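Read the numbers this way: they start at 1 and go in the same order the structure lists the ligands and their atoms. When reading the values below, keep in mind they use all heavy atoms of this one structure, side chains included, and skip hydrogens, waters and symmetry mates. The model shown is predicted, which means the values in this text are computed figures rather than measured ones.
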Amino acid sequence: MIANNPESFDVEVLTANGNANLLIQQAKKFNPNAVVIVDEDLYKQVFNALDPLGIKVYSGEKALISIVEMESIDVVLTALVGYAGLRPTMNAIEFGKQIALANKETLVIAGDLITRKAKENGVNIYPVDSEHSAIFQCLVGDFQNKIEKIILTASGGPFRGKKREELLDVKAAEALKHPNWDMGAKITIDSATMMNKGLEVIEAKWLFGLDQKKIDVVVHPQSIIHSMVQFEDGSIKAQMGMPDMRLPIQYALSYPLRLKNDYPRFNFINYPELTFEKPDSETFRSLDLAYQALAKGGNLPCIMNAANEIAVDAFLRDKIGFLDISEVIEKSMVSMDFLIDPSLDDYVNTDIETRIKAKEIINKWKVH
Ligand code: MG
């Protein structure tokens, strides 16, 4: 996206967890001030490649959290996977950096804390998630008008239309074949279980300050309408386009401008049918679990998220079946201690303890 608009952006920092090669490649292209490679075993490789170019190289989780404090940074795009995004995002907010948020789990885990801190520090959180970007784009020009409801669209994932019996033996490779979007493993499995939509319902609540009754989900297999807003006069605005993550990333970084690009355009003639259906909550139970977590609040969404991360990881390693994912989440949600008003430390502890509990649940199954 930045390569498309080099005059509009300066890359100050790039970070990676373990993909040293891509980090080096991107750093050579965009010449940032500094890079962070989280995996300390890869420090030498990155240092040897970039130090001669005058790019500072740091390593480790602490560096990842503190690098956002650099004065020259205006916007931080947080695109870590899962819980790992919480502390770096929180720190960026504390230091008054605007946030382009791709890491939805941060809002799922600690939406109340994050949004409160953002307000205190004058920080705007610009959604990168395509559905939330769509809603944000629909709201531009209508910020003064009340939202009657938002309608999040869901592709339905690779198993749309399948029943529970058909999903008993599916393997990770099948779940990883997303029909429309090219994304990482964790989010692709979340799409297959519909947990991704559950996480997005919670994300929407915090981004747009909505009661959960005002957040609907509709399955739209073509992924052309990215989401909709219905106003109090009954009028619905939708944002449409090709399923291409570069668009929401670009808008989050260029708002309120729309930058010219040459990405593929949507053509109505190629899509004679845009269809819509109700989510199948009997087959895909995770969406309901997310609504339950949101209704009860406190640390329950954090519990749900941690259990989901463990369950998805176990499924990817073939330790549990596809339908077991929502079982592990549900069992974790009922067995963990509920806290109504958690602090950041409470969230951290809830996350740690839930991971232990979810692993216990998985291991007990294996004995049977
Ligand atoms: Mg999304």
Quiz item: Do the ring centers of Tyr251 and Tyr126 come within less than 6.0 Å of each other?
Solution: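 No.
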
Practice problem: Indicate, with yes or no, if the rings of Phe284 and Phe159 have centres closer together than 6.0 Å. | Solution: no

Quiz item: If you leave out waters, which protein N, O or S atoms are less than 2.8 Å from the Mg ion (ligand 1)?
Solution: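 Hits for the Mg ion (ligand 1) below 2.8 Å: Asp129 OD1, Glu131 OE1, Glu200 OE2.
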
Quiz item: Does Phe231 have Lys146 sitting over its ring (NZ/CZ under 6.0 Å from centre, angle to axis within 45°)?
Solution: no

Quiz item: Do you see a donor-acceptor pair shorter than 3.5 Å between the side chains of Glu40 and Ser59?
Solution: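 Glu40 vs Ser59: no donor-acceptor pair found between side chains.
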
Quiz item: Would you say the side chain of Ile150 lies within less than 4.5 Å of the side chain of Lys214, judging by non-hydrogen atoms?
Solution: no

Exercise. For residues Met304 and Val108, determine if any side-chain heavy atom of one lies less than 4.5 Å from a side-chain heavy atom of the other.
Key: yes

